[in-house]
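Every chain is numbered from 1, with letters handed out A, B, ... down the list of sequences. The figures that follow rest on heavy atoms only: side chains count, while hydrogens, waters and symmetry mates do not.
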Amino acid sequence: MKGSSGDYLKHLNEEQKFAVTHTEGPMLILAGAGSGKTRTITYKIAYLIDQGICRAERILAVTFTNKAAEEMRSRVEALLTHLAAAPLVCTFHSFCVRVLRQHADLIGYRRDFTICDREDQKRVLKTVYQELNLRDSNLSLHKACATISWAKNKNWSPKVYRKESGSSEKEEISRIYGAYQRFLKRSNAVDFDDLLLLTGRLLKKHRDVRERYGEWYQYFLVDEYQDTNRPQYDLIKNLTCVHQNISVVGDEDQSIYGFRGADIGNILRFETDFATATIVKLEQNYRSNQNILDAATGLVSNNVHRKGKVLWTQKPTGEPLELFAAPDARGEAYFVSQKIYQHLQEGEKGLAVLYRTNFQSRQFEEFLRRVDIPYNLIGGVSFYHRKEIKDALAYLRVAVNPDDNVSLMRIINEPPRGIGRVTMDRLQQMARDERTTLWGALCKGLEENVFPARTHLALERFFKLIRRSQEFIELPLHLSLDKTLEASGYVEVLRREDSEGSHNRILNLKELVTVAKEQAVQGYTLQEFLDQAALRSEADDYDQSAAVSLMTLHNAKGLEFPIVFLVGCEEGLFPHSRSLSEEDLEEERRLCYVGLTRAQKRIYLTYSRRRRFFGREGSETNSPSRFLKEIPKHLVRDCSSPLASLEFVQPNVRFGETFYRRRGQSRFSGKTYDSVESVRGFLQELSQKRAVSHRRFVSGAEILHQKLGYGRILHVQDTGNDLKITVKFPGIGIKKFLQSYARLKLV
DNA sequence: TTCAGAAGGATTTTT
DNA sequence: TCCTTCTGAA
């Protein structure tokens with residue numbers, strides 16, 4: 001049991017050391033961003049094992065993402081080089097899967113249940129709508145999905161929902177909710193919320209199970225406690241019923257998951273929940289410069305619902321935050337890509353572009369690609385959410401559990417094999433009448449020969465396919481995947497399609513087989529492979545070594561970067577127009593706080609005056625985010641240059657006119673900046689080739705400006721009626737410029 | 001049943 | 001703008 005005898009403790013400050021070495025009873029570690037929360041909790045795990053206070057396998061640590069868990073595990077291993085057994089570090093959801101795979105039968109599920117993600121849920125809801133004849137309901141699938149999830153997080157059954165909810169559509173939603181739940185149950189499937197709820201129900205109903213887990217896990221640690229919701233809270237209560245050794249770390253200012261039921265009250269109530277709790281506050285920040293901290297603190301102090309902490313650091317003041325107002329989203333992306341380019345040239349790495357909503361990433365991707373900067377995109381359509389990957393996994397799921405209606409519906413006609421809507425409706429009807437699953441209905445129908453000949457043949461082929469893939473699942477993981485894909489004809493169809501997209505899909509599938517192979521070597525079972533794929537989160541793919549990362553603010557939690565670009569700081573986008581109630585606004589502000597505190601050295605805040613939504617030009621000019629005004633003024637420097645405002649061209653207004661009107665001719669006329677001969681030459685050549693006059697030339701520049709969203713005016717010459725404008729396109733070579741231009745058409 | 005073209009809706013944030 | 005869904009013809 002003798003390890004390094006706590007040598008590593010010398011890296012901690014007094015408070016952290018206390019938090020680590022004080023191991024009796026419940027403890028709440030309240031800490032600010034960058035104070036080493038996760039570090040403290042990791043050291044605590046190491047300390048418990050190292051000092052022989054607790055055996056590794058009897059420690060349970062819960063983190064927010066799988067990636068965080070992975071990291072924590074490897075950090076513990078680094079601290080204790082002779083670790084015989086590893087503590088269990090995982091997310092709430094994966095812990096629940098573990099438990100349910102053992103005991104699901106106690107609460108009426110089979111152990112080989114399937115886990116549904118958001119897309120699957122919507123698929124289920126769609127059939128539910130059909131079943132209930134709600135096809136023209138004005139309740140969107142999305143809304144229904146969100147509401148059901150919300151109700152579940154409150155632990156409300158459909159009946160309770162109908163009673164408790166003030167919603168005008170409560171009757172309808174309650175019916176949908178009930179049917180949805182029955183459908184899942186019939187399919188032996190659960191959604192994300194069910195994982196928590198069912199585990200909670202299991203522990204509540206079965207004392208022996210509860211005591212077994214409660215007894216076994218001597219120490220329980222929770223990271224990001226401020227984001228736990230009601231079902232998670234219940235789990236915590238149940239799991240600590242015996243030993244009461246619970247340590248949680250959290251920061252109420254970083255609670256950003258209210259929309260999925262995170263209850264900030266959990267952290268605010270901790271002292272009353274656990275009467276003997278020790279409270280430790282960590283206020284020293286090890287991440288950011290003082291300027292950044294002051295900005296973040298200034299901002300978040302506008303929130304009413306918080307306990308309040310004062311963050312301080314020994315680090316230098318640092319640069320002021322830089323503000324940039326762009327004319328439009330392209331100008332914003334252009335500015336950011338230029339700055340990134342500069343910083344990379346200076347040898348910086350670890351830059352992050354953080355935004356509120358996923359769709360904002362596109363512009364930045366485009367511009368980064370143009371200047372050949374590799375980047376790491378987190379979120380959006382991640383690998384495990386690609387259609388072909390989900391299809392492939394669905395095949396495996398059906399092989400494991402043919403009663404999984406959700407996956408079956410997904411693949412029964414994918415690739416097309418002659419089982420269309422009519423047949424599906426029929427199967428659904430049969431399944432409902434017979435109170436069985438689609439698979440059950442299919443088998444029975446085939447046996448009793450109730451289908452028309454052609455349909456019968458198609459269904460029979462599908463039936464045989466599944467039977468065959470059920471033989472494959474005995475094989476090693478990757479082989480069963482590979483063989484199933486071959487047998488299904490899925491790859492064959494893609495091969496025949498022979499397009500760029502289909503090639504990519506085939507590559508993705510190969511990648512999936514490779515992953516499966518790796519996992520097979522590590523001894524994963526098929527079930528574990530599928531579970532992992534289902535619970536995999538976006539942030540798990542995060543590659544720390546990438547120089548530039550793009551992600552939503554939510555995904556950035558727990559990460560840190562030397563340089564952060566917080567983009568899209570406009571009213572309506574951030575704070576989001578759907579989050580303007582007082583409560584939501586505080587959460588948005590916390591989100592901004594999270595964004596600011598990711599930065600170590602520098603922050604750029606950008607917004608754009610105009611932004612397109614759904615390809616439509618926004619009709620109004622955006623005002624800067626109110627959050628920008630809440631950051632103390634002396635910490636911010638406006639670096640929107642006059643040149644940048646020159647780029648602010650109204651559509652359909654001539655470049656020259658705007659130019660004169662906004663800045664006055666004398667100011668820029670004749671002023672020359674660094675010239676790029678090749679570009680100028682090209683523009684001249686262009687004007688000859690296309691026989692464009694100077695006027696047209698000007699409108700050419702205008703188009704360039706509109707299409708590309710950037711381009712700096714180097715030189716402007718006023719020759720009476722004509723304007724001669726030389727435009728520089730910084731950051732890109734002439735070849736790229738030509739490529740970009742080749743896509744444009746002159747009006 | 002499938003395909004192609006047209007129309008219409010969608011964007012918060014995540015396990 | 002882009003993606004899904006609807007419609008009608010083959």
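Residue A:His93 places a side-chain atom within donor-acceptor reach of the base of B:dT15, judged by atom type and a 3.5 Å distance cut-off alone. Between the side chain of A:Arg578 and the base of B:dT12, no donor-acceptor pair of N or O atoms lies under 3.5 Å.
Taking 4.0 Å as the cut-off between side-chain N and carboxylate O, A:Lys390 and A:Asp117 count as a salt-bridged pair. Between A:Arg495 and A:Glu492 there is a salt bridge, with a side-chain nitrogen of the basic residue lying less than 4.0 Å from a carboxylate oxygen of the acidic one. Classification of A:Arg589 and A:Glu630 as a salt-bridged pair holds, one side-chain N sitting under 4.0 Å from a carboxylate O. A:Arg230 and A:Asp263 are not joined by a salt bridge, as no carboxylate oxygen comes within less than 4.0 angstrom of a charged side-chain nitrogen.
Taking the side chain of A:Arg118 as heavy atoms from C-beta on, and the options B:dT15, B:dT2, B:dT1, the nearest nucleotide is B:dT15. Side-chain proximity of A:Thr65 to the nucleotides B:dT15, B:dT1, B:dT12 is greatest for B:dT15. With B:dT14, B:dT11, B:dT2 as the candidates, the nucleotide lying closest to the side chain of A:Pro416 is B:dT2. Relative to the side chain of A:Ser579, the nucleotides B:dT12, B:dT13, B:dT1 differ in distance, and B:dT12 lies closest. Nearest nucleotide to the side chain of A:Asn413, out of B:dT2, B:dT11, B:dT14: B:dT2. Closest approach to the A:Arg356 side chain among B:dT1, B:dT15, B:dT12 is made by B:dT12 (side chain taken as heavy atoms from C-beta onward).
Nearest-nucleotide positions on DNA chain B for A:Gly420 and A:Phe64 put A:Gly420 closer to the 5' end. Across the interface with DNA chain B, nearest-nucleotide mapping of A:Thr455 and A:Leu591 shows A:Thr455 to be the residue nearer the 5′ end.
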So what's the dot-bracket for DNA chain B: Watson-Crick or G-U pairs under 3.5 Å, [ ] if a pair crosses, | if it pairs off-strand?
-> ||||||||||.....
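With a 4.5 Å cut-off on side-chain heavy atoms, A:Leu354 and A:Val564 count as touching. In this structure, A:Tyr593 and A:Asn303 have side chains that are not in contact, with every pair of non-hydrogen atoms separated by 4.5 Å or more. In this structure, A:Ile378 and A:Leu550 have side chains that are not in contact, with every pair of non-hydrogen atoms separated by 4.5 Å or more. Considering only heavy atoms from C-beta on, A:Leu221 stays 4.5 Å or farther from A:Val248 through its side chain.
A cation-pi contact links A:Arg101 to A:Phe113, judged by a cut-off of 6.0 Å to the six-membered ring centre and 45° from its axis.
For the pair A:Asn66 and B:dT15, the criterion of a side-chain N or O lying under 4.0 Å from OP1 or OP2 is not met. Put simply, A:Asn358 has no side-chain N or O that comes within less than 4.0 Å of OP1 or OP2 on B:dT11.
No contact: A:Asp117 has no heavy atom under 4.0 Å from any strand. Within the 4.0 angstrom heavy-atom criterion, no nucleotide atom of any strand lies near A:Ser94. Contact annotation for A:Tyr257: backbone-only contact, meaning every heavy-atom pair under 4.0 Å involves sugar-phosphate atoms and none involves a base. A:Lys126 comes within 4.0 angstrom of the backbone, heavy atoms only, and of no base.
Here, C:dC6 and B:dT11 have their P atoms 16 Å apart, quoted to the whole Å.
In this structure, A:Phe64 has its ring center under 6.0 Å from that of A:Tyr257.
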Atom pairs under 3.5 Å: protein N/O with N/O of nucleotides 7-10 of chain C:
none

